[in-house]
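Just so it is clear, the structure is predicted and the values come from calculations on it, not from any experiment. Along the sequence shown, residues are numbered consecutively beginning with 1.
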Amino acid sequence: MNMANTPKSAVNPPYWQILLAFGIIYFVWGSTFFAIRVGVHEVPPLLLAAMRFFVSGIVMYVWLLLRGEPSPSLREWGSASLLATLIFLLDYGCLFWAEQRVPSGIAAVILATIPVFIALMEILILRTQRLTARLALALLIGIGGVAILMNHSFSTGEAPISRAGAGALLFAAFTWSIATVLTKKLPLPASKPMSSATQMLSGGIQLVIVSALFGEFRGFHAAAVSWQVWAALSYLIVFGSIIGFTAYVWLLHHKSPTLVGTYAYVNPVIAVILGYFAGGETIGMRTAAGTLLVLVSVIAITTMPKQVKEPEHSKPEPALSEAG
């Protein structure tokens, strides 16, 4: 979740630690999309997501309690569970499901449209931002990029993108944008790590329940799963969730949210490149053009000054993008 208000530390850490932390959120988070694609080839998608976030959530939650962090109140658990439904059940549930049908690089690019949905929500629903000519152009560029990725006639030798998978990813981006707006309005634990841990844990539990309801446990045999998939799941848990999130929170204590948020531009590029070299995913004119337009749109939206209709302090600050 967005932690833009986290104060920066007065102590400047060694430069190598800053580079390492940025490397983690750039490359580790960018690579999680490929790890998800590896996993969903053998494990049902909701079950795979459930295992990732339940284990990550319980490990972080217990670790924080042992460090002396207070346990959330019932009201805070309720808020965390609502956000978990939007982020982990709906957003990540759709992502894991879609990666059975959509290349991992394309999935990362489509999810990079989260700032587009946030801006549209601020303009059309919340009425907290004015639609300027520059913002309108940026939104159209982003929408055009997604349209190119989903266009079956503009294939240039690439296999058509599953419209069901792409639609699920767009829905995932929309639910994340709703959660971003609600984050500033709901009572959550003051500790940002504890807030994230409770959301992951609640989301993992919800995913387990829904996975069972969809019958994903039937016919699933852990012994039949290859070591590559267990390695991918372990990578998602340890590096993608626990280490990646820790590096993200640590960076927000030492660098500006705008600088830390540059992972939103880098992750899709890493995902596309890794999908090409490690997964044999095609990069043709369609993927290149769609990715370029989406990234231009995201950079423009997240860096331009906001023309607000209300005092700035009353408006929720959007998260830049989803982390894999």
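- Applying the ring pair (Phe, Tyr, Trp, His ring centres under 6.0 Å) rule to pairs touching residues 207-241 yields Tyr235-Phe239, sequence neighbours excluded.
- Distance check: Leu233 CG to Leu48 CG gives 5.5 Å after rounding to the nearest 0.5 Å.
- Summarising the geometry, atom CG belonging to Leu207 is positioned 6.5 Å from atom CG belonging to Leu46; distances are rounded to the nearest 0.5 Å.
- When the shell of 6.0 Å around CZ of Arg134 is examined, it contains more than 12 heavy atoms from other residues, nucleotides or ligands.
- Phe117 CZ to Leu111 CG: the interatomic distance, rounded to the nearest 0.5 Å, is 9.5 Å.
- Residue Leu86 holds its CG atom at 11.5 Å from OG of Ser81, rounded to the nearest 0.5 Å.
- Paired with Ile301 under the rule side chain to side chain contact (heavy atoms under 4.5 Å, CB included), one option of Val116, Ile141, Val296, Leu120 passes, and it is Val116.
- Put simply, the side chain of Glu99 never gets that close to the backbone of Ala107: no donor and acceptor are under 3.5 Å apart.
- Note that the CG atom of Leu149 and the OG1 atom of Thr113 stand 10.0 Å from one another [nearest 0.5 Å].
- A cation-pi arrangement is present between Arg52 and Tyr92, with the terminal nitrogen or guanidinium carbon under 6.0 Å from the aromatic centre and inside a 45° cone about the axis.
- Here ring pair (Phe, Tyr, Trp, His ring centres under 6.0 Å) pairs that include residues 59-80, with residues two or more places apart or in two chains, are Tyr61-Trp77.
- Proximity of a side-chain donor or acceptor of Asn12 to a complementary backbone N or O of His254 within less than 3.5 Å is not detected.
- Thr85 contributes atom OG1, which lies 12.0 Å from atom CG of Asp91 (distance to the nearest 0.5 angstrom).
- Paired with Tyr263 under the rule ring-ring contact (aromatic ring centres under 6.0 Å, His included), one option of Phe27, Phe22, Tyr248, Phe245 passes, and it is Tyr248.
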message = side chain to side chain contact (heavy atoms under 4.5 Å, CB included), that's the test. Do Thr198 and Glu76 meet it? Break it down for me.
response = CA-CA 9 Å; Thr198 53; Glu76 290 169 342; over 6 Å; no
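- Side-chain polar atoms of Thr302 and Tyr265 form a donor-acceptor pair below 3.5 angstrom.
- Side-chain atoms of Ser241 come within 3.5 Å of backbone N or O of Leu236 as a donor-acceptor pair.
- Linking ILVMFWY side-chain heavy atoms closer than 4.5 Å, directly or via other members, places Tyr15 and Val260 in two distinct hydrophobic clusters.
- Closest non-hydrogen pair, Pro160 versus Arg286, comes out as CA-NH1, 3.8 Å.
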